[in-house]
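Just so we're on the same page: letters track the sequence lines, and every chain starts at 1. Small disclaimer: the values here were computed from a predicted structure and weren't measured. Computed from heavy atoms alone, side chains included, the values below leave out hydrogens, waters and symmetry copies.
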Amino acid sequence: MNLTEMKPPFIRGETSVASMMRDMLFALTLLLALPVVRYGPRPAVAAALTVLVCVLCELLFTLMQTKTTGLSDGSAAVTGMVVALLLPVNAPLWLPCAAGAFAIAAAKAPFGSTGRNPFNPAAAGLAFAAVCWPQLVFSYAATGSGPLPLFGDCAVQTAPSPAAVLKQGLPPNILPFEMLWGNFAGPAGATAVLVVAACGLYLFCKRVAQWEITACFLLVVIVIAALFPRAVFDPLSSVKYELLSGSVLFCSVFMVTDPVTSPHTTAARCVYGLLSGALVMAFRWFGAYEQGAVFAVLLSNAAAPVLDDLVFRFRGWGGELADA
Amino acid sequence: MRRGLKKKIRIIFLNSAFFRNPVPVAALSIYPVIAAGYSLQNAVELSLLFLFLSVPVGFLFCLIGEMIPLWVRPAAVLAASAVFYLPAARLLESMIPGAVAALGMFGPLMICNSLILSRANVYAPSHIGWAVAADTLGCAVGFALVICLTGAVRGLWLSGSVRAAEGGVSLPFFGLIFVGFLAAFLQWVNRRRTLRTGKRGGRP
Amino acid sequence: MQRGIKLEQHKAESLLHPVQELPDAAGLPPPKFFRAPKGRPDWEAVLRAAEEAEITDEFEDVPLAEKLRRMRRAGVSLALACCVDEDPYTTSAMAALREQTDGVIAGLALAARACGAKKSEIAVADRREKKEILRRSPEAKLVVAGTRYPARALLRRSLQAEGGKAAFVGAQACAALAAAVSRGEAQHDAIVTVAGSGVEIPRNVRVRIGTPLRHLLDFCGVHERTRLIVTGSSVTGRAVTDPSVPVTAATRCVIAMLRPPRYKTYACIGCGRCSRACPRGIVPWRIYQEMERSRPDPLKLLNARSCIDCASCSMICPSGLDLAAAVKRAAAIMESGDLH
Amino acid sequence: MRTLAQLILTALAAVSVENILFSCGIGFSRVLRAARRPRTIGLYSLFVAFFSLVSMTVGSLLNPVLLSGEALAWLRPALLALCAAAAYGAAAAALKFGLPEFYRKHGEILSPAAMNTVVLSMPYVQKTFQLPLARAMAFALGTGGAFFLAATLLAHIVPRFKNEDMPKAFSGFPAVLIYLGILSLAFAGFTGGRLF
């Protein structure tokens with residue numbers, strides 16, 4: 001009986017980073033179902049390609065890293081899925097791949113993968129795509145355009161999304177109730193509002209995401225939408241339109257709650273949720289693009305370490321900074 | 001002494017131009033590279049302007065740098081750089097007509113280029129003429145290398161779209177990321193060099 | 001706010017069978033007897049009896065006499081008999097309480113008298129166990145500790161929240177104290193749970209203190225292909241490499257595993273679970289971050305010294321990091337106070 | 001009251017929407033220098049705000065004069081730089097002889113804070129945005145605030161860029177540059193293109 005030497009503890013809790021990423025991937029693939037039903041297998045192909053490119057980029061960088069933390073934590077796949085779901089269905093296939101490559105190669109790998117990236121890679125990739133190819137990222141296929149060609153470019157009649165209409169200050173011509181079912185022009189995964197809400201609940205129950213960030217985030221978005229409606233209608237419908245249009249709900253469930261790039265203490269998380277909610281509305285009011293959520297996520301990620309240190313200094317635990 | 005000096009000058013030049021290029025390694029004069037370097041045309045004009053501006057300022061402060069007290073020296077350097085900007089702009093205009101106008105705000109802001117200011121404040125007064133000359137030329141070449149590379153890459157990327165200088169890759173964010181990757185490449189090269197010299201008994 | 005960790009319990013099988021007796025191994029000295037104190041001993045007599053009987057508290061591996069003196073100095077107002085086994089495999093304390101309920105109650109009263117505690121109660125794991133014990137002896141005063149790990153620390157914190165100081169005394173130590181005072185018998189055996197994937201039938205065994213571990217393993221029929229044997233506790237115990245080490249009063253359990261568990265480690269993702277799981281309010285991820293730097297700054301190591309080594313932070317960490325070791329190193333640095 | 005609200009709005013815009021630091025990439029070498037010594041950030045930003053204010057007022061007073069004549073327009077960059085140099089000289093002299101103790105402790109950061117691209121770009125910003133004098137000064141103070149924000153963000157994140165998980169080539173300064181690039185990308189969401 002040869003016995004091995006081992007350090008305690010000898011049993012572990014059942015959630016590991018890999019299981020958290022598997023839950024995220026499960027929730028994201030659920031979101032793919034609706035666009036595949038409505039537009040044919042093209043979104044699934046785009047998502048698969050993006051995940052492949054992200055994984056390849058991550059592999060490329062693990063060769064350069066000395067301590068290879070390995071690929072098995074699946075966070076590259078999650079980034080690829082999020083990028084593919086926030087781009088329009090009729091986008092050319094190279095667009096999500098370019099955004100995914102930027103997300104991994106510029107926003108994640110140089111800082112040390114998974115636990116060390118200061119920014120949410122998917123948000124950085126989407127912001128890069130939005131700034132470089134705005135006309136491609138914000139042209140959404142009209143709802144009734146049926147199955148799209150699998151690989152080639154799809155010349156499809158595009159319709160302005162409710163977020164674009166709201167940006168010009170006009171009330172969108174679709175009732176909020178119909179928007180619930182998600183058949184309006186918008187990003188691939190972010191229009192299915194009910195499915196996003198269901199995935200959110202699933203992630204909160206499995207403790208993969210922290211609910212307090214999403215709660216504060218949506219609270220601020222609702223308050224600002226009610227106080228400052230962007231088009232001439234009553235506060236209630238303004239709140240409904242702001243929440244249902246664009247990718248606010250999707251971001252509040254998948255991007256803002258990323259544990260790596262959000263603060264680590266509960267108090268700082270609430271402030272972080274409030275800050276990112278306010279920034280989303282600021283980008284919607286003053287921003288140049290109709291989708292402000294990804295930029296708001298990036299800005300609040302930059303503020304996350306500061307919030308953590310403030311909480312520690314406030315609790316008298318030595319949050320001061322030593323000279324570098 | 002002659003051969004030793006020549007070798008030392010070669011090392012200073014190479015360090016400033018490539019291995020310890022001040023732009024990616026010390027982030028000096030980042031603004032022209034990331035904001036103005038969105039086309040090769042801009043890049044060439046700015047590198048020439050940098051050359052015509054840094055050489056006279058470097059020499060001036062190599063000669064009289066010691067005499068000016070430390071607390072007023074930064075003001076003197078900026079004043080000298082401002083004065084020397086006029087002939088430099090005129091020289092650039094004669095070489096490439098319409099260049100100064102095309103540069104717009106980027107030209108005048110070269111006056112307070114942190115690379116020129118810091119070299120003139122710290123390096124020039126305390127080194128001999130040859131070293132200052134080698135270092136100034138090295139910095140000019142290094143700056144030109146970085147800004148032309150960035151300008152070429154962005155020019156290539158934007159060659160398709162019609163509003164070249166408007167948005168997309170010509171924005172400073174791409175410049176910063178590109179210079180970041182350049183700095184990583186340089187750090188990798190330097191690390192390999194120190195490893196190799198370390199293994200070969202320390203002879204460079 | 002910290003409610004501890006919910007663990008999957010494996011206790012049911014080993015509680016089914018009564019405690020088995022292990023025949024004494026060869027070459028062990030006979031059990032020692034000494035002159036028992038007469039009548040109703042006061043607290044010095046109880047302490048002297050505990051010293052003479054060489055009773056050790058099985059949870060903290062400390063002589064019972066010294067522990068009671070420390071409790072008396074600290075002015076403990078509530079003495080608790082700890083019949084709660086925190087880690088999922090061990091049931092030795094519960095078995096000891098079920099076997100010698102009166103012995104534990106008498107021992108607890110003696111221990112309370114020795115350390116000057118006004119109240120004394122028995123801490124049990126859950127309501128079902130409480131009903132079981134009340135069925136055996138109705139007048140026992142019981143308190144439910146809950147099954148979330150680390151149960152003892154959480155119970156002590158909730159009791160101290162209501163004022164007064166609480167301290168734990170091991171169930172087997174109480175039983176041994178009762179035997180020592182009534183019959184003048186030294187502590188010579190301990191109840192050990194043998195469980196894990198390497199054992200056919202998990203069970204509790206009463207073992208003479210000092211018998212080599214191999215003798216116990218052969219008696220319980222542990223598989224030859226077992227790769228990992230752990231004594232103490234499956235969370236804070238020690239891995240045993242040579243099976244000839246003797247069984248002590250503090251062994252409490254022997255866990256044999258066919259395949260040693262291997263956990264992949266990732267970088268810290270900042271989920272904050274460890275700071276929520278820690279019963280002492282330490283922030284392990286911040287200490288781990290600080291200890292990663294080449295020269296950790298003692299000012300930033302917060303309250304690392306108040307750690308009670310329950311390892312719940314390492315257990316709950318999804319990235320599989322050894323946070324408990326980092327906090328222990330941090331406490332050592334703060335202890336030595338080398339302010340570089 | 002209305003003008004006060006307008007001033008505050010302009011200052012806020014200078015920190016967020018029209019953040020010339022991030023969306024135009026001006027003045028990063030000074031931000032990095034400040035971030036390396038976190039205790040000096042407050043004073044550093046105060047100096048930058050003060051000198052931006054001086055440069056903005058000089059710029060908005062001189063702009064109409066300098067842009068009138070052809071020869072004067074050609075001399076404009078040099079004259080503005082000379083004003084900045086004079087402002088620094090005056091401030092340094094005042095501090096050196098007025099408060100020698102303060103100068104010995106903090107004099108070192110006075111010159112980089114006084115003469116950097118952010119300060120000297122003020123007159124050009126004023127010419128592009130055509131701000132009246134009061135709102136121009138609010139914009140200068142807002143830029144000082146933006147400098148403080150940028151330096152604080154960096155000071156908190158820079159220590160995390162030296163760890164063993166990242167590729168050796170990127171550890172330390174290249175990671176800071178890429179971080180600034182992505183942060184500038186985030187601010188580009190406000191302007192969507194070149195600010196000026």
Flag the one option from V222(C), L217(C), V230(C), T236(C) with the top tally of heavy-atom pairs under 4.5 Å to chain A.
V230(C)
Pairs meeting criterion ring-ring contact (aromatic ring centres under 6.0 Å, His included) with involvement of residues 247-272 of chain A, two or more places apart
F250(A)-F254(A), H264(A)-W285(C)
Do any side-chain atoms of residues 85-92 of chain C form donor-acceptor pairs under 3.5 angstrom with protein atoms, and if so which ones, sequence neighbours left out?
residue, atom, partner, partner atom, Å
D85(C), OD1, A93(C), N, 3.4
D85(C), OD1, R252(C), NH2, 3.4
D85(C), OD2, A93(C), N, 3.2
D85(C), OD2, M94(C), N, 3.3
E86(C), OE2, R152(C), N, 3.1
D87(C), OD1, T90(C), OG1, 2.5
D87(C), OD2, T90(C), OG1, 3.1
D87(C), OD2, S234(C), N, 3.1
D87(C), OD2, S234(C), OG, 2.8
T91(C), OG1, S14(C), OG, 3.1
T91(C), OG1, N204(C), OD1, 3.3
T91(C), OG1, N204(C), ND2, 3.1
S92(C), OG, R252(C), O, 3.3

Tell me the residues of residues 6-15 of chain A whose non-hydrogen atoms fall below 4.5 Å from those of chain C, in number order.
M6(A), K7(A), P8(A), P9(A), F10(A), I11(A), R12(A), G13(A), T15(A)
Choice from I229(C), I269(C), L228(C) maximising heavy atom contacts with chain A below 4.5 Å:
I269(C)
side-chain contact (heavy atoms from CB on, under 4.5 Å) for L3(A) and R227(C)? Distances and angles first, verdict last.
CA-CA 5 Å; L3(A) 299 173; R227(C) 294 299 309 285; 6.0 Å; no
Can you check whether anything in residues 115-129 of chain A gets within less than 4.5 Å of chain C, heavy-atom wise, and list it by number?
G115(A), R116(A)
Of the backbone (N, CA, C, O) and the side chain (C-beta and beyond), which part of R238(C) lies under 4.5 Å from a heavy atom of chain A, both, or neither?
backbone
So P318(C) and M20(A), do their side chains get closer than 4.5 Å, heavy atoms only?
yes
Under 4.5 Å, counting heavy-atom pairs only, tell me which of E8(C), E292(C), M257(C), K6(C) racks up the most with chain A.
E292(C)
Side chains of T114(A) and Y266(C): does their closest heavy-atom pair fall under 4.5 Å?
no
So does K11(C) have more than 12 non-hydrogen atoms from other groups sitting under 6.0 Å from NZ?
yes
When heavy-atom pairs shorter than 4.5 Å are enumerated against chain A, which of S319(C), A239(C), G272(C) gives the highest number?
A239(C)
Check each atom of R269(A) against the heavy atoms of chain C and say whether the ones under 4.5 Å are side chain, backbone, both or neither.
side chain
Between S233(C) and chain A, with a heavy-atom cut-off of 4.5 Å, which part of the residue counts as in contact: side chain, backbone, both or neither?
backbone
